[in-house]
Amino acid sequence: MVVAGACVVSNKRAGSAPKEAPEQTSVLARRVHVEPWHDPQWQQLWLAIERRPWRSLVLIPAGEGAPLDFTVSIAVNLSRTAMVHIGSAIQVADGTIVPLNQLNPFLNEVRRCTSSGERLIVALPPTDASPVTASIAQSSDAAVLCILLERMASADANKTVKLIGPKRFLGSVLVHPDQLENHRG
């Protein structure tokens, strides 16, 4: 559900009620798997992000506490959701391990992609984990704050927003820790 610029991506899945296989009489339940890009909450997140024009969008963790691929997974799921909506690919760039000596080439590649009309979602590490996160984020058109519930501190989230600039943020996505395995791209 979208709430005040934030999208909570829950662990609910369509059709997750236990269903018995026709030829079985056991109590074993079969869970229907819905890919994240077909999940209404991921679609709501995508539509919320689409409200403001952008060519480059960065996903930034609110702070430490998530796996390194946290924002990469979110970026891939958003890209796939976008393909369902607009019918064309949105590129994903993994900026989670860009060292300082590769910052300028990375930014040049982002500019090359976006100047030719492509849209790009860039996954970043927390600002405390990488000296280049703020530079990449500040050179983008927009940002989304990615919060792993129960693992990231609100003080870190506030620090990240202040460092990047509040006007750059379109909103935030809240992810429950149980979802990390359920919604991997």
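Side chains included, hydrogens not; waters and symmetry mates left out as well; all remaining heavy atoms used.
- For the residue pair Leu107 and Ser139, the shortest heavy atom distance occurs at CD2-OG, 3.1 Å.
- Between Trp54 and Thr114, every side-chain heavy-atom pair lies at or beyond the 4.5 Å cut-off.
- For the pair Val72/Thr96, a side-chain contact is recorded, criterion being any heavy-atom separation below 4.5 Å from C-beta on.
- A distance-only check finds a donor-acceptor pair linking the side chain of Arg55 to the backbone of Gly117 [under 3.5 Å].
- Looking at every heavy atom in both residues, Leu145 comes nearest to Ala62 through CD1-CA, 3.6 Å.
- With a 4.5 Å cut-off on side-chain heavy atoms, Leu170 and Arg51 do not count as touching.
- Distance OG/Ser56 to CG/Asp141: 3.5 Å, rounded to 0.5 Å.
- When every heavy atom of Leu103 is checked against every heavy atom of Ser135, the shortest pair comes out as CD2-CB, 4.0 Å.
- A donor-acceptor distance shorter than 3.5 angstrom exists from the side chain of Ser116 to the backbone of Cys113, with no hydrogens or angles considered.
- Within a 6.0 Å radius of CD1 in Ile97, other residues, nucleotides and ligands contribute 12 heavy atoms or fewer.
- Using a 4.5 Å heavy-atom threshold, the side chains of Leu78 and Leu59 count as touching.
- Here the straight-line distance linking atom CD1 of Ile90 with atom CD of Glu118 works out to 10.5 Å at 0.5 Å rounding.
- You'll find the side chain of Val132 reaches within 4.5 Å of the side chain of Leu100, heavy atoms only.
- Distance check, rounded to the nearest 0.5 Å: NZ of Lys159 to CG of Asp156 gives 6.5 Å.
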Carefully, step by step, assess Arg80 and Asn77 under the rule side chain to side chain donor-acceptor pair (under 3.5 Å).
-> CA-CA 5 Å; Arg80 290 177 176 172; Asn77 287 331; 4.9 Å; no

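- Between Leu148 and Pro67, the closest heavy-atom pair is CD2-CD, 4.4 Å.
- Proximity of a side-chain donor or acceptor of Thr71 to a complementary backbone N or O of Ile60 within less than 3.5 Å is not detected.
- Atoms CG and CG, on Leu68 and Asp94 in that order, are 7.0 Å from each other to the nearest 0.5 Å.
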With side chain to side chain contact (heavy atoms under 4.5 Å, CB included) as the test, would you mind laying out the steps for Leu47 and Gln44 before giving the verdict?
-> CA-CA 5 Å; Leu47 292 172; Gln44 287 175 332; 5.8 Å; no

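- Within the model, atoms CD of Glu50 and CZ of Arg119 stand 4.0 Å from one another, a figure rounded to the nearest 0.5 Å.
- The minimum heavy-atom distance between Ile164 and Ala134, with the atom names listed, is CD1-CA, 3.6 Å.
- Closest approach of Ala89 to Met83, counting heavy atoms only: CA-CG, 3.7 Å.
- Rounded to the nearest 0.5 Å, atoms CG (Leu149) and NE2 (His176) are 6.5 Å apart.
- At distances below 3.5 Å, not a single donor-acceptor pair connects side-chain atoms of Thr127 with backbone N or O atoms of Thr133.
- Using a 4.5 Å heavy-atom cutoff, the side chains of Leu57 and Ser140 are not in contact.
- Side-chain contact between Val84 and Trp42 is absent, with no heavy-atom pair separated by less than 4.5 Å.
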When you look at Leu45 and Thr81, which way does the side chain to side chain contact (heavy atoms under 4.5 Å, CB included) test go after all the steps?
-> CA-CA 9 Å; Leu45 174 61; Thr81 304; over 6 Å; no

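- Annotation: side chain of Phe70 is in contact with side chain of Met152 (closest heavy-atom distance under 4.5 Å).
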